[in-house]
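Since we're looking at a predicted model, the values are computed, not measured. Letters A, B, ... mirror the listed sequences (proteins, then strands); counts begin at 1.
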Amino acid sequence: MTTLEKPVSDLQVPDDIQPNIFITTLDKIYNWSRRSSCWPMMFGLACCAIEMICTAASRYDLARFGMEVMRPSARQADLMIVSGTVTKKMVPQIVRLYNQMPEPKYVLAMGACASGGGPFKEGYNVVSGVDKYVPVDVYVPGCPPTPQALLHGLITLQRKIDQQSIRNVPWYQPGASEPIPVPILGPDIIDPRQAPLLRDRAARGLSNSLTVADRVKE
Amino acid sequence: MTAAPAVEKAEVKPDEEFPGIAAPDTRKGYGGYLVAPEHLVEVVTKLRDEAGYNYLSSATAVDYLEEGKLEMVYHLYRITGGPALVVKAQTPRDKAVLPSLVPLFPGADLQEREAWDLYGIRFTGHPNLKRILLWEGFWGHPMRKDWKEPYFEEETKPFDSRWPGGAVFRSEQHNPFGHNVKYPDGFTLEGWTPEADKALYAGLGTVTDVNAGSLKTDQIVVNLGPQHPSTHGVFRIAATLDGETIVDLEPVMGYLHRNHEQIGERNTFLQNIPFTDRLDYLSSMSNNLGYALAVEKLMNVKPPERAEYIRVIMVEMTRIANHLWAIGFLLNDLGAFFTPALYAIQERELILDVFEATAGSRMMCNYMRFGGVARDLPDGIEARLNELAFERLPRKVDELDAYLTNNEIIRSRCIGVGVLPAEQAIAYSTAGPVLRASGVPYDVRRADPYSIYDRFDWNVAVRYNGDVYDRYLIRLDEIRESIKIVQQALRDLPGGEIQTGKPQYQVRVPAGEAYGRVDNPKGELGFYVISTGKPNPYRYHVRAPSFINLTPFGEMCKGHKVADVVVILGSIDIVLGETDR
């Protein structure tokens with residue numbers, strides 16, 4: 001915020017409160033209040049959740065950023081910290097939770113697993129990154145990221161919030177925002193957005209489980 | 001606890017007692033006895049009732065693809081201590097059926113469900129044979145050797161395919177869906193009906209209300225989790241409620257099933273060490289030790305003295321850190337929101353500093369190696385350990401004790417809640433603090449000693465009531481015992497080498513099987529490793545204490561209120577990385 005150097009002449013501000021008045025833009029005050037009370041959802045997936053709790057504890061003290069209020073309900077949360085490996089069995093719930101969060105909402109992918117599958121990427125029950133299903137704002141590398149790294153990620157998120165403007169943020173655009181289709185647990189996880197591709201492959205009689213060599217050929 | 005049987009012998013030879021039914025396993029490097037499947041129940045009953053092998057530590061499956069057989073391996077122990085008796089039963093792969101051991105050992109329940117889920121062995125007589133880590137409707141049994149994951153590249157690491165022709169290879173670029181998925185050929189969304197949770201809800205017990213007079217009441221099914229602040233991760237509880245009382249309860253898991261075992265079988269032996277860190281991510285040092293012990297058994301190496309002492313110091317520090325965390329979060333579950341946890345985390349941070357200085361990482365230490373440890377203690381860390389072990393930690397444990405133990409609310413919420421009697425604790429194969437709080441002084445460090453625990457003066461902590469309060473108290477006791485061990489180890493810490501032989505990336509592991517077990521902070525952690533002499537383990541199984549300790553969870557909760565469920569769960573102290581693997 002910029003401090004006011006000269007009082008605005010036609011406002012008629014009394015002399016004694018002149019040093020207490022600040023002028024800023026609406027965007028700045030709006031973003032400042034949002035970035036300073038970005039409540040994360042109380043939602044731990046795996047190892048990274050332990051470091052997330054340590055970040056919230058006294059040594060690293062998340063409260064300095066106004067983020068210590070972890071909400072168990074998605075309806076009250078602004079920020080989803082995806083702290084750990086996203087498995088196929090869990091991803092429908094994650095998408096559902098994301099859909100339940102009110103706008104404005106942010107997603108922070110904490111650690112290698114949430115960012116791209118990490119050491120478990122090759123596993124048959126592991127999703128290679130939560131960004132395959134929900135949009136991610138900040139990626140924090142590490143396995144698990146240290147509390148300092150998570151704090152850096154959260155500061156990066158605050159910088160991102162600072163740059164947003166009321167004029168073009170998606171949640172003030174006309175029309176309701178569309179929920180993300182919830183994946184279905186079938187013979188494997190099914191992303192409803194891939195249904196046309198699935199139909200197309202079935203119609204053309206293409207195999208759905210190929211060896212690497214077959215895939216390269218196809 | 002159950003009295004030791006009168007006929008206890010030094011060693012039992014099932015092949016002599018059951019000629020024609022049980023035969024010694026003569027494969028190279030293998031031990032134990034192969035039992036004909038149709039006589040399995042009979043043999044195990046006799047071993048349990050007459051020879052005193054009343055503790056089923058681990059039950060797991062192995063796929064011998066070339067022989068066309070699936071094998072179940074049971075590790076039986078005497079609760080009074082001593083080595084294992086290994087019993088095996090084989091069944092053809094295409095029609096895999098074995099008798100269930102649940103009627104004998106309820107502790108086999110979840111483990112047999114896991115074998116069904118991952119290997120497709122049907123257990124006749126199992127009361128609740130559903131998938132456990134994956135979901136109903138999943139295509140195939142993924143741990144079978146001929147089942148290939150969607151991102152399959154090669155059978156074993158190191159993969160040649162990662163950098164073909166000078167360009168990086170990414171599995172998703174070559175998957176037809178760009179995701180980590182595969183479907184049966186010709187699969188259509190229209191021709192398929194989802195199974196969802198029908199089987200789960202159908203399996204939950206209900207009771208008819210005998211007192212239903214004029215006021216008719218319904219029982220409802222309530223789900224806690226997988227996103228719930230008190231389930232310690234992505235754990236789900238499906239419960240039938242009558243008012244606020246639990247009628248039936250079933251743990252639902254697999255939301256963090258990261259395919260540890262399958263990845264472990266693709267990895268080289270050494271590559272698995274960092275993966276063991278991520279099992280019970282609160283006590284990575286002890287996980288390392290368990291795995292290192294199993295492989296060292298196969299390789300027949302022993303770490304040098306200094307490494308043994310460093311191992312013990314690190315593992316016991318891990319136990320202290322883990323129990324502090326467990327106590328802090330048990331109090332959280334009791335409603336003392338975060339204040340006790342902050343006290344506990346504060347001390348844990350100091351221990352993590354030691355790990356970070358020694359191993360390079362706070363949580364994922366990746367510190368033990370086969371025949372030693374990765375690095376020596378850095379300068380100045382001994383002084384810090386001394387300060388912690390002799391001065392700070394004993395004082396802080398007393399402080400926690402003074403603040404919490406006699407608190408009126410804690411006493412009234414914990415005493416008499418979630419009681420697990422000794423007989424049941426043994427039958428359900430529980431381990432660690434859960435077993436010892438029920439009055440069974442069974443600690444692998446004493447009962448089947450490993451490393452150098454026989455050199456220290458310490459007591460096996462034991463409590464007798466088996467309720468939540470005792471499970472809280474026993475963790476305080478164990479912290480105190482661990483401090484004692486660390487103090488002695490620091491006092492006697494010798495100089496010298498920290499690694500037998502040269503550190504190697506590729507270790508030569510002779511063919512055979514080994515079961516290495518350690519007393520992890522959560523309970524008995526076992527690693528069942530089979531080597532065929534190749535650089536990768538043929539079978540790599542983790543006997544996860546948090547997973548098996550959950551078997552009696554439903555029984556412990558029945559009749560209690562909903563609010564007690566989270567407390568009972570907190571007192572078992574599970575970690576989902578290990579439960580689901």
Exercise. If you measure from CZ on B:Arg348 to CD1 on A:Ile50, what distance do you get to the nearest 0.5 Å?
Worked result: 6.5 Å

Exercise. Between A:Ser73, A:Pro119, A:Ala46, which residue shows the highest count of heavy-atom pairs closer than 4.5 Å to chain B?
Worked result: A:Ala46

Problem set entry | Value rounded to 0.5 Å, distance of CG in A:Asn125 from OH in B:Tyr255 | 11.0 Å

For this session: Give, for atom CE of B:Met364 and atom SG of A:Cys47, the distance between the pair rounded to the nearest 0.5 Å.
Result: 3.5 Å

Exercise. Is the backbone of A:Tyr124 close enough, under 3.5 Å, to the side chain of B:Asn180 for a donor and an acceptor to pair up by distance?
Worked result: no

Exercise. Short question: side chain of B:Gln227, backbone of A:Leu97 - any donor-acceptor pair under 3.5 Å?
Worked result: no

Problem set entry | A:Met90 side chain reached by B:Pro226 side chain, heavy atoms, under 4.5 Å | yes

Exercise. Is A:Arg193 atom CZ crowded by more than 12 heavy atoms from other residues, nucleotides or ligands, each under 6.0 Å away?
Worked result: yes

For this session: Could you tell me the separation between the CG atom of B:Leu134 and the OG1 atom of A:Thr87, rounded to the nearest 0.5 Å?
Result: 9.5 Å

Problem set entry | Under 4.5 Å from a heavy atom of chain B, the part of A:Ala49 involved | neither

Exercise. Does any non-hydrogen side-chain atom of A:Cys143 lie less than 4.5 Å from one of B:Arg278?
Worked result: yes

Exercise. In terms of side-chain geometry, is the basic nitrogen of A:Glu122 or B:Arg258 positioned less than 4.0 Å from the acidic oxygen of its partner?
Worked result: no

Exercise. How many angstroms lie between NE2 in B:His179 and CG in A:Asp188, if you round to the nearest 0.5 Å?
Worked result: 11.5 Å

Exercise. Between A:Pro72, A:Ala57, A:Gly186, A:Gly44, which has the largest tally of heavy atom pairs under 4.5 Å with chain B?
Worked result: A:Gly186

For this session: Give the C-alpha distance, both sets of side-chain angles, the deciding distance and a yes or no for side chain to side chain contact (heavy atoms under 4.5 Å, CB included) between A:Lys89 and B:His257.
Result: CA-CA 8 Å; A:Lys89 200 170 175 179; B:His257 178 46; over 6 Å; no

Problem set entry | Interchain contact, A:Met70 with chain B, by part (heavy-atom threshold 4.5 Å) | neither

For this session: For each of B:Gly254, B:Gly178, B:Gly577, tally heavy-atom pairs with chain A at distances under 4.5 Å, and name the one with the top tally.
Result: B:Gly254

For this session: Give the member of A:Met41, A:Gln194, A:Gln93, A:Met42 that has the highest number of heavy-atom pairs under 4.5 Å with chain B.
Result: A:Gln194

Exercise. Is the count of non-hydrogen atoms from other residues, nucleotides or ligands lying under 6.0 Å from B:Arg170 atom CZ greater than 12?
Worked result: no

Problem set entry | Close side-chain approach of A:Arg59 to B:Leu342, heavy-atom, < 4.5 Å | no

Problem set entry | Within 6.0 Å of OH in B:Tyr343, more than 12 heavy atoms from elsewhere | no

Exercise. Are the side chains of B:Tyr281 and A:Pro144 in touch, meaning some heavy atoms are under 4.5 Å apart?
Worked result: no

Exercise. Where the side chain of B:Trp135 meets the backbone of A:Lys88, is there a donor-acceptor pair that is under 3.5 Å apart?
Worked result: no

Seminar exercise, completed: Turns out that what part of A:Leu185 lies under 4.5 Å from chain B's heavy atoms comes down to both

Seminar exercise, completed: When the 4.5 angstrom heavy-atom criterion is applied to B:Phe235 and chain A, the contacting part is neither

Problem set entry | Side-chain heavy atoms of A:Phe120 within contact of B:Asn259, under 4.5 Å | no

Problem set entry | Which atom of A:Pro187 lies closest to which atom of B:Phe138, heavy atoms considered | O-CD1, 3.6 Å

For this session: Just do the salt bridge (charged side-chain N to carboxylate O under 4.0 Å, His left out) check on B:Glu149 and A:Lys121 with the steps written out, would you?
Result: CA-CA 11 Å; B:Glu149 66 269 26; A:Lys121 179 180 169 184; over 6 Å; no

Problem set entry | Top of B:Glu356, B:Glu136, B:Met363, B:Glu172 for chain A proximity - count of heavy-atom pairs under 4.5 angstrom | B:Met363

Problem set entry | Heavy atoms from other residues, nucleotides or ligands near CZ of A:Arg64 exceed 12 (cutoff 6.0 Å) | yes

For this session: Please examine the side chains of B:Phe177 and A:Leu198, heavy atoms only from C-beta on, and report whether any two atoms are closer than 4.5 Å.
Result: yes

Problem set entry | Spacing of SG belonging to A:Cys54 relative to CH2 belonging to B:Trp325, to within rounding of 0.5 Å | 4.5 Å

Exercise. Does some side-chain heavy atom of A:Ile53 sit less than 4.5 Å from a side-chain heavy atom of B:Ile345?
Worked result: yes

Exercise. Quick one: does B:Glu349's side chain get under 4.5 Å of A:Tyr60's, heavy atoms only?
Worked result: yes

